[in-house]
Number of protein chains: 2
Amino acid sequence: MTARRGGGPTMHDVGRLAQVSAMTVSRVLKNDPGVSEATRERVFAAVDRLGYRRNETARSLRLGGSGMIGLVVTNLANPFYSRLALGVQEVLTEHGFRMMLSNTGEQTEREPGLVDGLIDHRVEGLIVVPAGSRQQHLADAMRHVPVVLAARPPAGLDTDCVLVEDFHGAREATACLLAEGHTRIAFLGNPPALYTGAERLRGFWAAHEESGVEPDNTLIRQGLVDAATAERAALELLDLPEGPTALFCTNNRISQGAIRALYKAGTTLPLAGFDDFDLSDILGLPLTLVSYDADEIGRQAARLLIDRLGHRDAEPPASRRVTVPTRVIRYGPHGHPGGRAFGSTPPPTA
Amino acid sequence: MTARRGGGPTMHDVGRLAQVSAMTVSRVLKNDPGVSEATRERVFAAVDRLGYRRNETARSLRLGGSGMIGLVVTNLANPFYSRLALGVQEVLTEHGFRMMLSNTGEQTEREPGLVDGLIDHRVEGLIVVPAGSRQQHLADAMRHVPVVLAARPPAGLDTDCVLVEDFHGAREATACLLAEGHTRIAFLGNPPALYTGAERLRGFWAAHEESGVEPDNTLIRQGLVDAATAERAALELLDLPEGPTALFCTNNRISQGAIRALYKAGTTLPLAGFDDFDLSDILGLPLTLVSYDADEIGRQAARLLIDRLGHRDAEPPASRRVTVPTRVIRYGPHGHPGGRAFGSTPPPTA
DNA sequence: CTGTTAGCGCGTTCAG
DNA sequence: CTGAACGCGCTAACAG
């Protein structure tokens, strides 16, 4: 730890040691062809000797671009977000950008602050999975840099976004249950103010209509925010005199809460839901999961953003909406309502 | 998107609009007391009107400190690392630092490059979970900034680190199996070149010695890197004429691979291992898991680093080693060797 | 092939 | 209470 506060050798220091000006050092480090081999070597030697590292902060100030883009997510511990982040990272790296990550920790109200922070650090663009329904702060952000939304559509904003086939996936999974004869399917959903919540309910509902089955409103529980709330809601439903014969869950955490509820209640019901998760294939439960590639959402979002950064000076292209496909996967035993006991586990169906 | 390349209003622009110098703007934004209320208001009005945001890049250049620390991990998609990252984030935020995250994506050879990148961006410190056994690049990094290691001890380096009770946890969990009468316990481990791998094997071995049981070398498989390799190794072991009656796994991915192997082999064996994971409690398998708080590793590492940053000018304190405790948790049915069929599932024991 | 000048946006220092 | 000068480390543009 040689570094004094703000310390470390500068190009000047390197130049002095190599007997050249700072400018020449800059050229060497940039691989500028117009430098004699002799000086190149002297410069590199000096760089090595001093342990010199070019100061990217000063560099981006001078160049007027940080090479950095910001990603805002709510909860890195949720594999959906960490996967998405990895997808973003991957594409950014290919294009020579770096990622600056901000995590709201499920505190929706922190999002505007984090966005501002990223702008203060002069990210050149922003990818956001908006946590709440208010997006005014994103409109503000768009005054500074392009913004791409991931997994949620813009609300009162004109910008690119990457969406999952929420409606389609929910409809298809629900249809599987209906096809097996279920007519009392409970719906366990996140807050309907969230796009995904609303859209997945719509798919759930549409599947019912197409089967001529009337959804039972008493079996619909929305506003669930985590596994714990989902578990409680599911236990209540299972306790009903006229309970459900199957469950539909709008995301991985809700599915896991519901599964725990089934376990505690000592019963087994077919469960459909969004998001595949670890070990889902060996739980021995009849699962119908809507799977999709969270990495791909991140990759696509990054591509949209980078493309838009390319057109910075030109007329901005019309805003685009990309969709990532879903796929229904079925695990465990499947049959007609009133299935078997927890734990009978033939190998996976799909 | 008003921003030209490198664009956006500056303090000068704000100052002109507010009829003051840039200096005064700077003072207002810094909450410097020596500014009249009237000008304050004019400045804030101008800031609002222009959507001005202070340029943190220029700021850190001038101040000689970026307020940023770097975190290097191998795989964000592994909950261990994402949790650790959240813990780091939490403490940094409390102290007014920001985090810059780099992910090697399991490519050990990329780690030095990522570390350099962070130094180029003038992080003031580094928290690293070293992926390989070579740490020379970290010694280089220490010439520039303080480095704290997480989950692995320094090798040929003199610096702070935060460790898990690897030995103790492995010994305790293994002892549980031995106490139940198991004498043929398989060991499924990550590469022994990794500290955790070696240490956990040591604990496994110690427990055997203490019970007077001779470990069977043919049941020890090391060098497993993910769930897939673990699954294959476990299947091989299960296929042995004199197979194991229980399994010990050194991390969550290996446990999951082994569990999948048990499932495919249609058998049930007690399994002990490091890391708790989602739904472990309802698998209905006899599990003995060594649990610990990954967030806490991150928090402690961040505290060590921040403390060290406080002593920047003084004599650096001797390097410290902090340990995060483990706790053994047992799930599912437990009894004597030759247990029950997959799927008999009374409620959790602990 | 190499050096000089100038300035990116900001804050410290010192004068008013 | 406010402003001017200077420099953080780097590089584009222009000399030589």
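Every value quoted in this text rests on a predicted model; they were computed, and no experiment measured them.
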**Prompt:** Looking at residues 48-61 of chain B, who's got a heavy atom less than 4.0 Å off DNA chain C?
**Reply:**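 Heavy-atom cutoff 4.0 Å gives B:Tyr52, B:Arg54, B:Asn55, B:Ala58, B:Arg59.
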**Asked** Looking at residues 9-22 of chain A, who's got a heavy atom less than 4.0 Å off DNA chain D?
**Response**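 Going residue by residue through residues 9-22 of chain A, the ones with a heavy atom under 4.0 Å of DNA chain D turn out to be A:Thr10, A:Met11.
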Is the shortest heavy-atom distance from the side chain of [X] to the side chain of [Y] under 4.5 Å?
X: A:Ile306; Y: A:Leu92; value: yes
X: A:Val14; Y: A:Leu50; value: yes
X: B:Arg54; Y: A:Asp116; value: no

**Prompt:** Does the distance from a Lys or Arg side-chain N to an Asp or Glu carboxylate O, for A:Arg59 and B:Asp120, drop under 4.0 Å?
**Reply:**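 B:Asp120 and A:Arg59: not salt-bridged.
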**Asked** Hey, is A:Asp140 close enough to A:Arg143 for a salt bridge, meaning N to O under 4.0 Å?
**Response**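 Salt bridge between A:Asp140 and A:Arg143, a charged N being under 4.0 Å from a carboxylate O: no.
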Take the protein atom [atom1] of [X] and the nucleotide atom [atom2] of [N], then report the distance between them rounded to whole Å.
X: A:Arg42; N: C:dT2; atom1: CZ; atom2: C1'; value: 11 Å
X: A:Asp32; N: D:dC10; atom1: CG; atom2: C1'; value: 15 Å
X: B:His144; N: D:dG9; atom1: NE2; atom2: P; value: 13 Å

**Prompt:** Does the side chain of A:Thr39 get closer than 4.0 angstrom to OP1 or OP2 of C:dC1 through an N or O atom?
**Reply:**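 Indeed not, no polar side-chain atom of A:Thr39 lies that close.
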Return all side-chain donor-acceptor pairs below 3.5 angstrom for residues 69-76 of chain A, not counting sequence neighbours, or 'none' if the list is empty.
residue: A:Thr74; atom: OG1; partner: A:Tyr81; partner atom: OH; Å: 3.2
residue: A:Asn75; atom: OD1; partner: A:Ala77; partner atom: N; Å: 2.9
residue: A:Asn75; atom: ND2; partner: A:Glu106; partner atom: OE2; Å: 3.2

Listing time: all N or O pairs from protein to nucleotides 12-15 of chain C that are below 3.5 Å?
residue: C:dT12; atom: OP2; partner: B:Lys30; partner atom: NZ; Å: 3.0

**Angle between terminal axes - the helix from C:dC1-D:dG16 to C:dG16-D:dC1, 5 pairs each end, rounded to 10°** =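 It comes to 40° between the two terminal axes.
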**Item:** salt bridge (Lys or Arg N to Asp or Glu O under 4.0 Å) involving B:Arg321 - partner list, sequence neighbours excluded
**Value:** none
